[in-house]
Amino acid sequence: MKKSFFLTLFCFVMLALHAQRRPNVLILYTDDLGYGDLGCYGAQHIATPRIDWLAENGLRFTNAHCTASTCTPSRFSILSGRYAWRKKGTNILPGNANLTIPTNITTLPKVFQRAGYTTAVVGKWHLGLGDKSPIDWNKEVTPGPREVGFDYSFIFPATADRTPTVFMENQTILGLDSLDPIEVNYEHAYPGELTGKNHPEMLKMKSSQGHDGHIVNGIGRIGFMQGGKRAQWTDEELGYTFNSKAIHFIDHSIQEKKPFFLYYAIHDIHVPRMPGTLFKGKSQLGYRGDAILEMNHSVGVILDALKDRGLLDNTIIIFSSDNGPVLDDGYFDNSAQTAAKLDYKPAGIYRGGKYSALEGGTRIPFIVYWPKHVKENTVSNALFTQIDLMASFAKMLNEKLPKGELTDSRDYFSTMIGKSDKDRNYIIEQPENSALCIVKDGWKYLTPAKGPTIFKAVNIESGISEQDQLYNLKDDPRELHNLAKKYPDKVAALKQLLEKAKGAM
Ligand code: NG6
Ligand code: CA
C-alpha cells in the first residue's frame with residue numbers, strides 16, 4: 001500500500017517536472033521578408049541586430065523554404081501541415097473570404113493544445129473567417145482561429161492593404177460602436193464612401209497599382225467598407241499593438257502555469273509600409289527599410305519581455321517569413337528607387353521574389369533559437385520546409401498524429417534543431433500561378449506554364465517558361481542554365497515524383 005503510494009507520488013512529481021520543463025514555442029512569422037533582408041544573411045545598408053542575435057545564439061538555415069511564394073498558401077500550409085494547392089480557394093484571399101482551414105483536421109496549434117499548451121495567434125491572419133457569406137462583422141465571427149486551435153487570437157483579418165482594417169480579439173472586432181455597424185464588400189464602393197480612386201488628394205501615400213478602394217488613415221486599400229469608423233486602426237499603431245498583445249498572452253500563460261505556443265505573425269514588412277513614426281525615414285531603404293527596422297524592434301521587444309520574465313532560456317524561437325521579397329507591391333513608397341540606387345538585393349543572390357517560381361520566391365530566412373539544445377552560431381545547409389513544423393513539433397512533444405488522417409507534414413525535428421543535417425527527401429514549391437516546382441537532392445524541376453517572364457507591375461522575374469526547366473541548384477543557385485534537355489531522365493523522374501505527391505498525401 002505504502003509502496004504504491006510512493007510510486008504514484010514519484011510518477012506524479014516526475015510528470016509535473018516534465019510538464020514544467022517543456023519549452024515554450026514562439027514562431028515569429030514575418031511578411032514578405034526576403035532571403036537577403038537580414039544582417040545575418042548578408043544584407044548591406046540595413047541593420048537587424050535583434051534578429052541577428054537569434055542567429056548568433058542559434059541555428060541559421062541557408063536552404064529552408066516556405067511552401068508558396070505568396071501569403072495565404074504559405075500560412076495555410078505552416079498551420080495545417082497540408083499543401084495549399086490540394087484545396088481550392090487558398091490563393092491570396094480577399095478580406096471577406098471564409099475560413100480556408102478545415103476545422104476537423106489536426107493543425108500545428110492543435111498539436112500543442114493536445115500536449116497541454118496554451119496557444120495564441122497574434123498579428124496577420126489572412127486565412128479567411130466564418131462560414132457564411134457575407135460575413136456579419138458585428139458579432140463574433142466563427143469559425144476562425146479558435147476552431148483552428150488557437151485559445152486566444154488578436155488579429156487583423158487579411159492584410160493591412162485589405163478591408164476591413166480593424167483588429168479582432170477572439171474573433172470580435174475591437175472598439176466597434178454598435179450604432180455604427182460595419183459592412184465589407186469587394187465589388188463596389190458604398191454610397192458616400194471616400195475611395196482612393198475618387199479622392200487621390202486625400203492620400204498620404206499614393207498607390208502605384210490597385211489599392212484605390214476604401215481610404216483609411218490616408219491610405220487607399222483593396223476593397224470597400226462602411227461603418228465601424230472608430231474601430232479602424234491607424235497603421236502606425238500596428239507594431240505597438242501586436243507587441244503588447246503578444247506580451248499579454250505570454251503573461252497569461254504564466255498565470256495559467258502552462259507552456260505557451262505563440263504564432264506571432266508580424267505584419268511588417270508587407271505593404272502599405274507605414275511603420276510607427278519613430279521609424280519613418282530612419283533607414284536608407286525607404287519605407288520598406290523603415291519597416292524592417294520596426295520588425296527588428298518588435299523582435300527585440302518580445303525578446304526583452306521573455307528575458308524579463310525568465311522565459312528566454314526555455315523558449316524555442318523560430319524566425320521566418322511567408323514568401324520572398326517585393327519592392328513595389330502597389331504603393332509609391334520609394335523602396336524600389338532606393339534599392340536600385342544602392343544596388344540592394346532583397347532576395348540575396350537568388351533570382352525572383354514574391355509571386356515567383358524562382359528560388360527568391362520561397363527560399364527564406366529561417367532561424368532556430370533554443371539555448372542548451374541548439375548550438376550557438378551554427379549554420380545548416382539542409383533542405384527544410386515549413387510544412388514540417390507540425391510533424392516535427394509533434395515528435396518533440398511525443399504527440400502522435402492521428403493515424404489515417406492525411407498530412408503532408410513529416411518529422412524533421414532533428415534537422416530543425418541542428419542535430420542532423422539530413423535533407424528533406426523533397427520539397428514542393430507553389431508560385432502564384434500554381435505551376436508547381438519540386439526540389440530533390442539539389443535538383444529543381446519547374447512545371448511548364450504560359451505567362452510573362454517578368455511580372456511587370458512588381459518587376460519580378462516569374463520563372464515561367466513553356467518548356468520544362470531543370471536546374472542544378474548547387475552549381476547554379478541563380479537558375480541560369482536550364483539542363484532539362486541534357487538530363488531528360490532526371491526531368492522524367494522529378495515529374496513522376498511530383499505527380500505521385502499530387503496524388504497522395
Ligand atoms: C496583391 C496586391 C499586393 C499584396 C498581395 C498579397 C495589388 C496590385 N497587389 O494582389 O499589394 O496585397 O496581393 O500579398 O493589389 S500577400 O503577401 O498577402 O500574399
Ligand atoms: Ca506575404
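Nothing here was measured: the structure is a model prediction, and the numbers come from that model. For ligands, and for the atoms within them, numbers begin at 1 and follow the listed sequence.
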Within the side chain of Ser69, is there an N or O that forms a donor-acceptor pair under 3.5 Å with the backbone of Lys354? no
Is the closest heavy atom of Cys71 to ligand 1 under 4.0 Å? yes
Distance under 4.0 Å to a non-hydrogen atom of Thr159: what atoms of ligand 1 satisfy this? 18 (O)
Three-point angle Asp31:OD1, the Ca ion (ligand 2), Asp32:OD1, rounded to the nearest 10°: 90°
Is the side chain of Ser77 donor-acceptor paired with the backbone N or O of Arg82 at a distance under 3.5 Å, no angle test? yes
Subset of ligand 1 atoms that lie under 4.0 Å from at least one heavy atom of His126: 18 (O)
With heavy atoms of Ile92 as the reference, note each atom of ligand 1 found under 4.0 Å away. 6 (C), 13 (O), 19 (O)
NZ/Lys197: more than 12 non-hydrogen atoms of other groups inside 6.0 Å: no
Show the atoms of ligand 1 that are less than 4.0 angstrom away from any heavy atom in Asp161. 3 (C), 4 (C), 11 (O), 12 (O)
Using the six-membered ring wherever Trp is involved, compare the ring planes of Phe112 and Tyr117 and label them parallel, tilted or perpendicular (cut-offs 30° and 60°). perpendicular
For the pair Ser283 (side chain) and Gly286 (backbone), establish whether a donor and an acceptor sit closer than 3.5 Å, ignoring hydrogens and angles. yes
Those atoms of ligand 1 less than 4.0 Å from some heavy atom in Lys124: 17 (O), 18 (O)
Filtering Asn323, Asp329, Leu93, Asn91 for the heavy atom nearest atom 11 (O) of ligand 1 leaves Asp329
For the Ca ion (ligand 2), angle spanned by Asp322 OD1 and Asn323 OD1 (nearest 10°) is 70°
Going by the atom numbers of ligand 1, which of them fall below 4.0 Å from some non-hydrogen atom of Tyr355? 1 (C), 3 (C), 4 (C), 5 (C), 13 (O)
Does a donor on one side chain and an acceptor on the other come within less than 3.5 Å for Asn433 and Lys450? no
Could you tell me, atom by atom, which parts of ligand 1 come under 4.0 Å of a heavy atom of Val271? 11 (O)
Just by distance, with hydrogens left out, do Asp151 and Gln113 show a side-chain donor and acceptor under 3.5 Å apart? yes
